[in-house]
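Accompanying notes for the structure given below.
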Amino acid sequence: MINLHFLKIVLFFIFPIFLWSQSIQKINRSDSYEDLKQAFINSQGNDTKQLHYANAYIKRAQIQKSNINLSRGYFLLSNLFEGAKCMQYLDISIKYAKNTDDIKFPALSYSKKAYELKKQFRFDEALANFFMAEKYAKRNNLDFYYNVKHSIGMLRSEELGQVEEALVLYRECFNYFKKKDVRSPKYATEYHNVLFALADAHKSLKNLDSTSYYNKKGYQESKATNDNYYISYFILNEGANQVLKKNYKAALDSVNKALPQIILDKNYGNILAAYFYLGKSYAGMGNEKKAVQNYIKVDSMYVLNKRIIPEFIAGYSYLIEHYKQTGDKAQQLKFLSRFTKINSILQTDYKQLSKVLFKDYDTPHLFAKKESMIQSLTKKTIDLFDLVLDFNC
């Protein structure tokens, strides 16, 4: 696949006069670093313009031999890339900021690099960079220090399964931010983040009353600040919590209430989660037809985005058993194949959770079942054989 960011940069350097004269205003000597940064922000969605402003920022810092502004400039540049190229510019940003006493750098660059590593499932390296961000932020930016601490908790909880360790960090963050003006624009979002993290961690640990407490508190705070984004997520999270309490009607009410906003946000991971909890609710109520419909929607979201976390794969076991009972071997094999493929990916990406996957989802048994079914189905017609091949692609 062509890297469109790379292609735009190549075009920019090959045809600089054309691009500048067509779409970018001339930079004046009187323009400050803040002017250039704001121009970069205002050009979001236009990589060519943003590249120009980031390079202008860096060039000015080079002329003035300002290390901290070089750090800030390369941080701006990193936002135009992903993966190795992004981290290359972040490393340069870190280098220039290490011997400064800036309140944001190099902590911000270490934190952004950690998120890039997290996206690549390089969790140990991500943690190491978060720890460096934490170290620098602790010196003179306590707000960001606790923001990083929250990020470390999220990685431990969601990626490494270390929920109890994460809960300790979330409590520290909560105790810090609750002393601030939590309904002000400066602190409201981070406070909602921490409340949601507390609710979600307690849900994972099956502390269901504590989960309801923090969901309710988060919902109230989000309503008070008109944070529509988080209102829906606290409702969804409480719906999931009601599933665990086996209050399935209440769960359906909450999830269905949250789903329209989540769809509007195009948050595909949580759309998948909503369908999963709907499926689980209907399964708990004995409505097999609607449970199957929603678990199939979970699968459709996975096929669309190729992302799923271990928490949401239990629906495949339900679908496999359903199609076993109905005698639809082709559909049974389809979801067996999908499950084994997902399981393989999860065990590569989430090595620390592999024991949990094997324990909770009886993976070896399902592998054996898949092989047995494939041998059975090879005796069927050519059309069915072609179908099996499609499912395994």
Side-chain angles (χ1 to χ4, degrees), residues 37 41 44 72 75 78-79 90 102-119 126-127 129-160 162-204 210-238 258 261-262 265 267 269-270 273:
K37 185 182 82 170
I41 294 169
Q44 186 173 358
R72 292 168 182 160
F75 180 83
S78 74
N79 285 279
L90 289 171
D102 191 74
I103 64 170
K104 292 184 179 179
F105 292 93
L108 198 57
S109 296
Y110 273 120
S111 182
K112 187 174 188 331
K113 184 178 177 183
Y115 276 105
E116 286 296 320
L117 289 162
K118 182 179 174 181
K119 286 193 293 186
L127 272 177
N129 278 271
F130 275 134
F131 291 150
M132 291 300 294
E134 191 179 36
K135 170 188 169 184
Y136 280 97
K138 190 175 183 179
R139 295 177 181 178
N140 52 15
N141 191 339
L142 285 180
D143 286 353
F144 191 60
Y145 169 73
Y146 282 99
N147 179 280
V148 174
K149 193 177 285 288
H150 177 212
S151 297
I152 293 169
M154 295 292 287
L155 193 155
R156 288 196 180 283
S157 177
E158 295 186 354
E159 315 296 349
L160 303 178
Q162 299 169 358
V163 183
E164 290 180 350
E165 294 89 336
L167 190 55
V168 173
L169 299 176
Y170 296 150
R171 284 175 178 146
E172 290 181 33
C173 295
F174 174 72
N175 289 333
Y176 175 77
F177 284 110
K178 73 179 182 179
K179 299 172 186 175
K180 304 295 182 181
D181 182 1
V182 296
R183 293 186 178 178
S184 68
K186 182 176 181 179
Y187 290 108
T189 299
E190 184 58 36
Y191 188 53
H192 301 164
N193 280 338
V194 171
L195 288 172
F196 187 85
L198 283 165
D200 210 41
H202 279 296
K203 177 165 64 69
S204 295
S210 293
T211 302
S212 291
Y213 171 81
Y214 285 110
N215 279 330
K216 182 178 179 181
K217 189 172 185 65
Y219 174 81
Q220 291 170 340
E221 290 298 321
S222 299
K223 286 284 284 186
T225 55
N226 296 314
D227 186 347
N228 290 324
Y229 179 89
Y230 257 115
I231 288 170
S232 61
Y233 291 99
F234 282 112
I235 294 172
L236 175 62
N237 202 42
E238 186 55 28
Q261 180 62 45
I262 293 169
D265 294 338
N267 189 322
N270 278 306

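For reference, positions follow the sequence shown, starting with 1.
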Tell me, do Tyr213 and Leu198 make a side-chain contact under 4.5 Å, heavy atoms counted? no
Starting from the C-alpha separation in whole Å, work towards a yes-or-no answer on side chain to side chain contact (heavy atoms under 4.5 Å, CB included) for Ile235 and Gln261. CA-CA 11 Å; Ile235 294 172; Gln261 180 62 45; over 6 Å; no
Have Ser151 and Tyr115 got a donor and an acceptor in their side chains that come within less than 3.5 Å? yes
Looking at Lys113 and Glu116, is there a salt bridge between them, counting it only when a charged N and a carboxylate O are closer than 4.0 Å? no
Any chance the rings of Phe177 and Tyr191 have centres within less than 6.0 Å? no
With distance as the sole test, does Asn237 use its side chain to make a donor-acceptor pair with the main-chain N or O of Tyr233 at under 3.5 Å? no
Provide the closest heavy-atom pair for His150 versus Cys173 in the form atom of the first, atom of the second, distance. N-SG, 3.7 Å
Please find out if less than 6.0 Å separates the ring center of Tyr110 from that of Phe130. no
Return yes if some donor-acceptor pair links the side-chain N/O of Asn141 with the main-chain N/O of Ala137 below 3.5 Å, else return no. no
Have Ser157 and Gln162 got a donor and an acceptor in their side chains that come within less than 3.5 Å? no
Got a second to check how far Phe174's CZ is from Lys217's NZ, nearest 0.5 Å? 5.5 Å
Any side-chain heavy-atom pair from Glu158 and Val163 closer than 4.5 angstrom? no
Could you check whether any side-chain heavy atom of Asn193 comes within less than 4.5 Å of a side-chain heavy atom of Met154, counting everything from C-beta outward? no
Answer yes if the side chains of Tyr145 and Lys149 hold a donor-acceptor pair under 3.5 Å, and no otherwise. yes
Taking every heavy atom of Tyr170 against every heavy atom of Val194, the minimum-distance pair comes out as O-CG1, 3.7 Å
If you measure from OH on Tyr176 to CG on Asn147, what distance do you get to the nearest 0.5 Å? 10.5 Å
Under a 4.5 Å cut-off applied to non-hydrogen side-chain atoms, are Ile103 and Phe144 in contact? no
If you measure only the distance, is there a donor-acceptor pair under 3.5 Å linking the side chains of Glu221 and His192? no
Has Thr211 got a side-chain atom pairing as donor or acceptor with Lys203's backbone, closer than 3.5 angstrom? yes
Would you find a donor on one side and an acceptor on the other, under 3.5 Å apart, between the side chain of Asn270 and the backbone of Ala273? no
Side chains of Ile152 and Phe131, heavy atoms from C-beta outward: is any pair under 4.5 Å? yes
